[in-house]
Amino acid sequence: MKRVIIVGVGFGGLRAARILSGKGFDVLLIDRNNYHLFQPLLYQVATAALEQESIVYPIREVIRYWKGVRFRLAGVHGIDLEQRRVFMATGTVEYDYLILAAGSITNFFGIDTIKRYGYDLKHLSDAVVLRSQILGAFERAVQESDVSERAALLTFVIVGGGPTGVEFAGALSELVRYVLSKDYPELRMKDVRIILVEASGSLLLTFPGKLQDYTLTRLQQMGIEVKLRTAVRGAEPGRVLLGEGTSIPSYTLFWAAGVRAASLADALSVKKVRGNRIVVKPDLTIDDHPEVFVVGDMAYLEQGGIPLPMTAPVAMQQGEYAGRAILRREQGYSAKPFRYFDRGSMAAIGRGLAVANIMNLNFSGLAAWIIWLVLHLFFLIGFRNRAVVLLNWAYDYFLFKKQIRIILQEKKGDSNNFPE
Ligand code: NAI
């Protein structure tokens, strides 16, 4: 029986495993978490809209009926491509085929101070830490008598106007306007500043210009200060440093300025490009190793001269492709080159507001938001999760409530960002 190892239980890894299940392979899924995380809704956990359990699904439940698929909870720290071995903290496993689908991590572009004083959003715990920081800042602000310190506590700087920054900014603005304004009658909500800083000249760079303009206008109407053509270059405790030599007093810097391939890519001496992504051939394998596939955010492949984006739809299609390519290979056929079928992209801005470009048609406002909502519910795994998420959204939409306003976990290390 051929052994297939899949590293990562994200969108790409799971799709590949599902294709291979019940087809006579011994499939081993490896991940350092025992759950599949629905990353597109992570920002809603960080802004108190959803509980963390509702966007994850236990991996053993996912694979329960997938014949031939097993799971190991472990971190992979090395791969021997010649001997076809994968090294985990708990032991070594051998493969006939390997699918690397370990996703991406935040790209701090080597700016250590931002890593130290800033917040990012990649893991479930990051969302809980960021939520705790936001709510903690309000709690500290109520007790702060120094006017400038209070202002810094109530200033939230979001760096990066991609989908992550835009969705988070909108959700934070709603949390403040509809919920925290009632929680903190001692504070003046007009003292709360949400600043979205983007280095380039527009938000949502990969979206059509019309939707970029719409997003900018809507965010500004929601009271968010958008600073375009402004780069953030570092941070100090209580201060965000801008490229032009100025700074913004703030204790909460959310870094949404980009992602890079998971650090597992470092363990491989193969061709990589910007963002540590592994260059793959059109069949998603790497040079000299037709048995090794790389899918999703870790893989770098161009289509029509443009790099494929690091998104869930790409990962899902590539995961399915890798699974099918292995099946075909075992039947003695080769696989046609991978083609990404781009159905479009979308981003939520706020209550009943989103932008979407689907099959080259632009949608904005309520129509886009309904599309966004339906698709997110559809791709979320598990009936219970869908029900809980829908209930939370309905509760939020009709009653203006975000129930999960719980301070749980501070950022680890010496980064306590509040005044001494
Ligand atoms: P991104 O790479 O799409 O955007 C980062 C933004 O940060 C860029 O606009 C860049 O110009 C800006 N930036 C970089 N360095 C900066 C600096 N020092 N100061 C100020 N601005 C700076 O990153 P994002 O939004 O995290 O998305 C990552 C990937 O995930 C993308 O492929 C995106 O399409 C995908 N994604 C898609 C979502 C959706 O479709 N709704 C949601 C979240 C992510």
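Note that ligands are numbered from 1 as they come in the structure, with each ligand's atoms numbered from 1 the same way.
Of all protein heavy atoms, the one lying nearest to atom 4 (O) of ligand 1 is G162 CA, 3.5 Å. Protein heavy atom closest to atom 24 (P) of ligand 1, with residue, atom name and distance, is T164 OG1, 3.2 Å. In terms of protein heavy-atom proximity, atom 29 (C) of ligand 1 is nearest to M310 O, 3.6 Å. Protein heavy atom in closest approach to atom 9 (O) of ligand 1: E198 OE1, 2.7 Å. Protein heavy atom in closest approach to atom 15 (N) of ligand 1: A257 CB, 3.5 Å. Nearest to atom 7 (O) of ligand 1 among the protein's heavy atoms is G160 CA, 3.2 Å.
Counting non-hydrogen atoms of neighbouring residues, nucleotides and ligands closer than 6.0 angstrom, the CZ atom of R188 reaches no more than 12 such neighbours. Within 6.0 Å of the NZ atom in K281, the count of heavy atoms belonging to other residues, nucleotides or ligands exceeds 12.
Paired with L14 under the rule side chain to side chain contact (heavy atoms under 4.5 Å, CB included), one option of I6, D31, V62 passes, and it is V62. Under the ring pair (Phe, Tyr, Trp, His ring centres under 6.0 Å) rule, F156 has a single partner from F168, F254, F138, which is F138.
Judged by distance alone, the side chain of N385 and the main-chain N or O of I381 form a donor-acceptor pair under 3.5 Å. Q212 places a side-chain N or O within 3.5 Å of a backbone atom of L205 that can act as its donor or acceptor partner. Between the T215 side chain and the D213 main chain, no donor and acceptor come within less than 3.5 Å of each other.
Counting heavy atoms under 4.0 Å from ligand 1, residue F168 does not touch it at all. By the criterion of a heavy-atom distance under 4.0 Å, the side chain of L205, and not its backbone, is placed next to ligand 1. Contact annotation: for M346 versus ligand 1, heavy atoms closer than 4.0 Å belong to the backbone alone. Residue contacts with ligand 1, taken as heavy atom pairs separated by less than 4.0 Å, involve T230 solely via the backbone atoms N, CA, C and O. Contacts between A256 and ligand 1 below 4.0 angstrom, taking non-hydrogen atoms only, involve the backbone exclusively.
Residue contact check for ligand 1: S345 places no non-hydrogen atom closer than 4.0 Å to it.
Interface atoms of ligand 1 facing E167, defined by a heavy-atom separation under 4.0 Å, are 41 (N), 42 (C). Using a 4.0 Å cut-off to heavy atoms of W255, the atoms of ligand 1 that qualify are 18 (N). Counting the atoms of ligand 1 from 1 in the order shown, those under 4.0 Å from a heavy atom of T311 are 32 (O), 34 (O), 35 (C). Listed by atom number, the atoms of ligand 1 under 4.0 Å from V197 heavy atoms are 20 (C), 21 (N).
With values rounded to the nearest 0.5 angstrom, M88 atom CE is found 13.0 Å from R32 atom CZ.
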Quiz item: Given Y178 and Y397, is the ring pair (Phe, Tyr, Trp, His ring centres under 6.0 Å) satisfied, shown in steps?
Solution: CA-CA 10 Å; Y178 300 127; Y397 193 82; 10.0 Å; no
Practice problem: Show the numbers, then the answer: is there a side-chain contact (heavy atoms from CB on, under 4.5 Å) between I79 and Y95? | Solution: CA-CA 11 Å; I79 292 163; Y95 61 83; 4.2 Å; yes
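Distances from atom 2 (O) of ligand 1 to the heavy atoms of G243, P163, A199, G258 put G258 nearest. The closest non-hydrogen atom to atom 18 (N) of ligand 1, taken over L41, V259, V232, comes from V232.
Applying the ring-ring contact (aromatic ring centres under 6.0 Å, His included) test to every pair with at least one member in residues 269-326, sequence neighbours left out, gives these pairs: Y321-F338.
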